[in-house]
Amino acid sequence: NNLLEIIDHKHNNLTKINISPMNGQFIFNDDNYLLGKSDENNNEFDVTLKKFLFHQISNLGIVEIPPNSRVKTIGEYAFSTTNIIKFFITATITKICRNAFVLCEYLTFVEFAPNSNLIKIRLGAFSSTNIEEIVIPASVLDIGEYLLGAFSYAHITTIFIPSNIC
């Protein structure tokens, strides 16, 4: 079993993860965030919140990734069906994967860092949430297959889109 198979949606009582110092694929950043590698042959730990990592964990609330973090990607379904209510997306994040926050019915607020480096927001990233208003950073060049697909079935009323997105 790999770590991502062990940490799946069946472990709602998970409170602690210990990573062996000998494990070359995962580390904890600041003892708070699990980091993985987007390329296992690379020495850089640049991905966090892997696929299904926090899926269905009910006690998250507000999540903030430290601004000095090395995190670049929020993985597929990373926060899906959690009780998260607010999320701050730091300047280090360049990609929000498919369905990263899908079915987060309590998620009402997402804020991007003013100096955001976010480039991609994938299909369904914020689907079925209660976000009413969102400001897409000017750094974004790609919003999935179609603009509103990232927000399908959300309670969105206002999306501010920068001029560089066609």
Side-chain angles (χ1 to χ4, degrees), residues 4 7-15 17 29-30 32-36 38 46-166:
L4 298 180
I7 306 170
D8 66 12
H9 66 279
K10 297 174 187 160
H11 295 88
N12 290 334
N13 295 323
L14 181 67
T15 59
I17 302 169
N29 186 32
D30 300 326
N32 288 314
Y33 297 96
L34 181 66
L35 292 173
S38 57
D46 60 353
V47 177
T48 193
L49 317 174
K50 292 275 200 169
K51 187 173 183 178
F52 290 108
L53 185 59
F54 295 105
H55 176 73
Q56 292 185 339
I57 294 178
S58 61
N59 58 351
L60 289 178
I62 297 172
V63 176
E64 291 186 52
I65 298 171
N68 61 347
S69 167
R70 294 177 285 174
V71 176
K72 292 183 181 176
T73 302
I74 299 175
E76 289 184 14
Y77 298 92
F79 289 97
S80 64
T81 66
T82 62
N83 288 345
I84 191 170
I85 56 173
K86 182 179 178 182
F87 199 95
F88 179 75
I89 298 175
T90 65
T92 62
I93 301 292
T94 59
K95 181 179 179 182
I96 301 172
C97 292
R98 186 173 65 90
N99 297 321
F101 297 93
V102 69
L103 295 169
C104 290
E105 62 185 79
Y106 298 101
L107 183 58
T108 59
F109 185 79
V110 173
E111 182 179 359
F112 298 94
N115 57 341
S116 177
N117 290 299
L118 185 66
I119 296 169
K120 294 182 181 183
I121 301 175
R122 306 314 301 163
L123 183 67
F126 298 101
S127 292
S128 300
T129 64
N130 278 303
I131 298 169
E132 292 183 6
E133 182 176 298
I134 196 160
V135 177
I136 306 296
S139 59
V140 172
L141 302 174
D142 183 358
I143 302 183
E145 289 73 26
Y146 55 97
L147 175 64
L148 296 180
F151 305 96
S152 59
Y153 304 104
H155 287 51
I156 199 96
T157 58
T158 307
I159 301 175
F160 295 96
I161 303 168
S163 60
N164 61 306
I165 295 179
C166 299

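The model shown is predicted, which means the values in this text are computed figures rather than measured ones. Computed over heavy atoms, backbone and side chain alike; hydrogens, waters and symmetry mates excluded.
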Can you measure from NZ (K95) to NZ (K120) and round to the nearest 0.5 angstrom? 5.5 Å
Can you measure from CD1 (I96) to CD1 (I143) and round to the nearest 0.5 angstrom? 10.0 Å
Classify the ring geometry of F79 against F87: parallel below 30°, tilted from 30° to 60°, perpendicular beyond 60°. perpendicular
Find out whether R122 and N99 are in side-chain contact, i.e. whether some heavy atom of one side chain is under 4.5 Å from a heavy atom of the other. no
Between [X] and [Y] (side chain of the first, backbone of the second, donor and acceptor by atom type, cut-off under 3.5 Å), is there such a pair?
| X | Y | value |
| --- | --- | --- |
| S127 | S152 | yes |
| T157 | E132 | yes |
| N117 | A91 | yes |

Show me the donor-acceptor pairs within less than 3.5 Å that the side chains of residues 101-116 make with the rest of the protein, sequence neighbours left out.
from: S116; atom 1: OG; to: L118; atom 2: N; distance (Å): 3.1

Can you spot which of I74, L141, V140, I134 makes a side chain to side chain contact (heavy atoms under 4.5 Å, CB included) with I121? V140
With K72, the side chain to side chain contact (heavy atoms under 4.5 Å, CB included) member among T94, I119, I93: T94
What heavy-atom pair brings T73 and C97 nearest, and what distance separates the two atoms? CG2-SG, 3.5 Å
Please report the closest heavy-atom contact between A100 and G75, naming both atoms and the distance. CB-O, 3.6 Å
Side chain to side chain donor-acceptor pair (under 3.5 Å) against N130, all qualifying residues, sequence neighbours excluded: H155
Residues forming a side chain to side chain donor-acceptor pair (under 3.5 Å) with T90, sequence neighbours excluded: T92
